S.K.: 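After the structure tokens below, expect a handful of questions from me.
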Amino acid sequence: MLTTTAPAVPDIKQGRARALCAAGGALAAAVAWIVEVPLLGIHLNFRFGAGHIQTIAAGQVIGVTVAASLLGWLLLALLERRTPHARLLWTTIALAALAASLALPLAAATTTSAIAGLIVMHMTVGAAVIPAMAHTARAR
């Protein structure tokens with residue numbers, strides 16, 4: 001009887017591709033921030049409840065994007081081990097997470113331009129990361 005199993009060590013090319021997805025998402029976020037804040041003059045301000053108004057800096061944008069991309073990578077790796085439909089399931093979850101993430105700018109941004117800028121930033125990162133990361137999914 002012949003059986004095959006997934007390799008214990010992940011494929012180096014796949015890891016490199018997923019790392020590039022995370023880096024590409026961070027780059028997309030940085031470019032969106034650069035266009036919105038210094039070039040267009042949008043103030044990406046938000047406030048939670050009665051707290052102080054805070055401004056979103058470029059480092060925060062890049063850091064959150066990298067963290068979210070790495071969590072997406074982790075989820076994809078787990079799904080690949082557990083289900084033969086990892087790509088479809090991961091893409092569905094990623095799109096749902098993107099849709100849910102849009103609630104934050106709608107709820108916390110202080111101006112209409114900040115809402116629009118943050119939504120554009122979320123969508124830009126999603127458009128960069130989701131298809132690229134889904135493309136790296138292995139068939140079981």
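Model, not experiment: these values are computed from the prediction. By convention here, the first residue in the shown sequence is residue 1.
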S.K.: Going by heavy atoms in the side chains, are Val37 and Thr55 under 4.5 Å from each other?
M.R.: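 No, too far: nothing below the 4.5 Å cut-off.
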S.K.: Checking Asn45 against Thr111 for the side-chain contact (heavy atoms from CB on, under 4.5 Å) test, could you report, in this order, the C-alpha distance in whole Å, the side-chain angles of both residues, the deciding distance, and whether it holds?
M.R.: CA-CA 8 Å; Asn45 296 330; Thr111 64; 5.9 Å; no
S.K.: Working to the nearest 0.5 Å, report the span between CD1 of Ile53 and CZ of Phe48.
M.R.: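 CZ of Phe48 is found 13.0 Å from CD1 of Ile53.
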S.K.: Does some side-chain heavy atom of Gln54 sit less than 4.5 Å from a side-chain heavy atom of Gln60?
M.R.: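 Heavy-atom side-chain distance check fails, nothing below 4.5 Å.
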S.K.: Show the nearest heavy-atom pair for residues Ala26 and Val66, with the distance to one decimal.
M.R.: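 Residues Ala26 and Val66, closest heavy atoms: CB-CG2, 3.7 Å.
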S.K.: Side-chain contact, heavy-atom cut-off 4.5 Å: Leu106 with Ile119?
M.R.: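 Sidechains of Ile119 and Leu106: in contact.
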S.K.: Transitively linked via ILVMFWY side-chain contacts under 4.5 Å: Ile12 with Leu20?
M.R.: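 No, no single cluster joins them.
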S.K.: Hey, could you give me the CG/NE2 distance between Leu79 and His85, rounded to the nearest 0.5 Å?
M.R.: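 Those atoms lie 12.0 Å apart.
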S.K.: Do you reckon Ile62 sits in the same ILVMFWY cluster as Trp73, going by side-chain contacts under 4.5 Å, direct or chained?
M.R.: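 Yes: a chain of side-chain contacts under 4.5 Å links Ile62 to Trp73.
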S.K.: Would a 4.5 Å heavy-atom cut-off, applied to side chains only, mark Leu118 and Glu36 as touching?
M.R.: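 They are not in contact (no side-chain heavy atoms under 4.5 Å apart), so the answer is no.
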S.K.: Using distance alone, with no hydrogens and no angle criterion, decide if Arg18 and Thr136 have a side-chain donor and acceptor under 3.5 Å apart.
M.R.: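 Yes, because at least one side-chain N or O of Arg18 sits under 3.5 Å from a partner of the opposite role on Thr136.
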S.K.: Nearest heavy-atom pair of Val61 and Ala29: which atoms, and what distance?
M.R.: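 Where Val61 meets Ala29 most closely, the heavy atoms are CG1-CB, 3.4 Å.
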S.K.: Run through Leu89, Leu70, Ile93 and flag the one making a side-chain contact (heavy atoms from CB on, under 4.5 Å) with Leu75.
M.R.: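 Single pass found, and it is Ile93.
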S.K.: Mind checking whether Met123 and Leu98 have side chains closer than 4.5 Å, heavy atoms only?
M.R.: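 In short, these two side chains touch, coming nearer than 4.5 Å.
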S.K.: If you take all heavy atoms of Thr91 and Ala134, which pair is closest and at what distance?
M.R.: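 Looking at all heavy atoms of both residues, the closest pair is OG1-CB, 3.5 Å.
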S.K.: Apart from Leu78 itself, which Ile, Leu, Val, Met, Phe, Trp or Tyr residues share its cluster (side-chain heavy atoms under 4.5 Å, direct or through members)?
M.R.: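 Grouped by the 4.5 Å side-chain rule, Leu74 form the rest of the cluster around Leu78.
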S.K.: Locate the shortest heavy-atom distance separating His135 from Arg87; write the atom from each residue and the value.
M.R.: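 Looks like O-NH2, 3.7 Å.
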S.K.: If two hydrophobic side chains count as joined below 4.5 Å and joins carry through other members, does Ile42 share a cluster with Phe46?
M.R.: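 Yes.
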S.K.: Taking all heavy atoms of Ala128 and all of Gly25, pick out the closest pair and write down the distance.
M.R.: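 Looking at all heavy atoms of both residues, the closest pair is CB-CA, 4.4 Å.
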S.K.: Group every Ile, Leu, Val, Met, Phe, Trp and Tyr by side-chain heavy-atom contacts under 4.5 Å, then state whether Leu40 and Ile56 land in the same group.
M.R.: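 Cluster IDs for Leu40 and Ile56 match.
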S.K.: Check whether any side-chain heavy atom of Trp33 sits under 4.5 Å from a side-chain heavy atom of Leu44, and report yes or no.
M.R.: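 SC-SC contact between Trp33 and Leu44 confirmed.
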S.K.: Going by side-chain hydrogen bond (donor to acceptor under 3.5 Å, both in side chains), name the pairs with one or both residues in residues 121-130, residues two or more places apart or in two chains.
M.R.: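 Pairs touching residues 121-130 that pass the test: Ser101-His122.
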S.K.: Establish whether Leu104 and Val125 are linked, either directly or via other cluster members, by ILVMFWY side-chain heavy-atom contacts under 4.5 Å.
M.R.: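 Hydrophobic grouping puts Leu104 apart from Val125.
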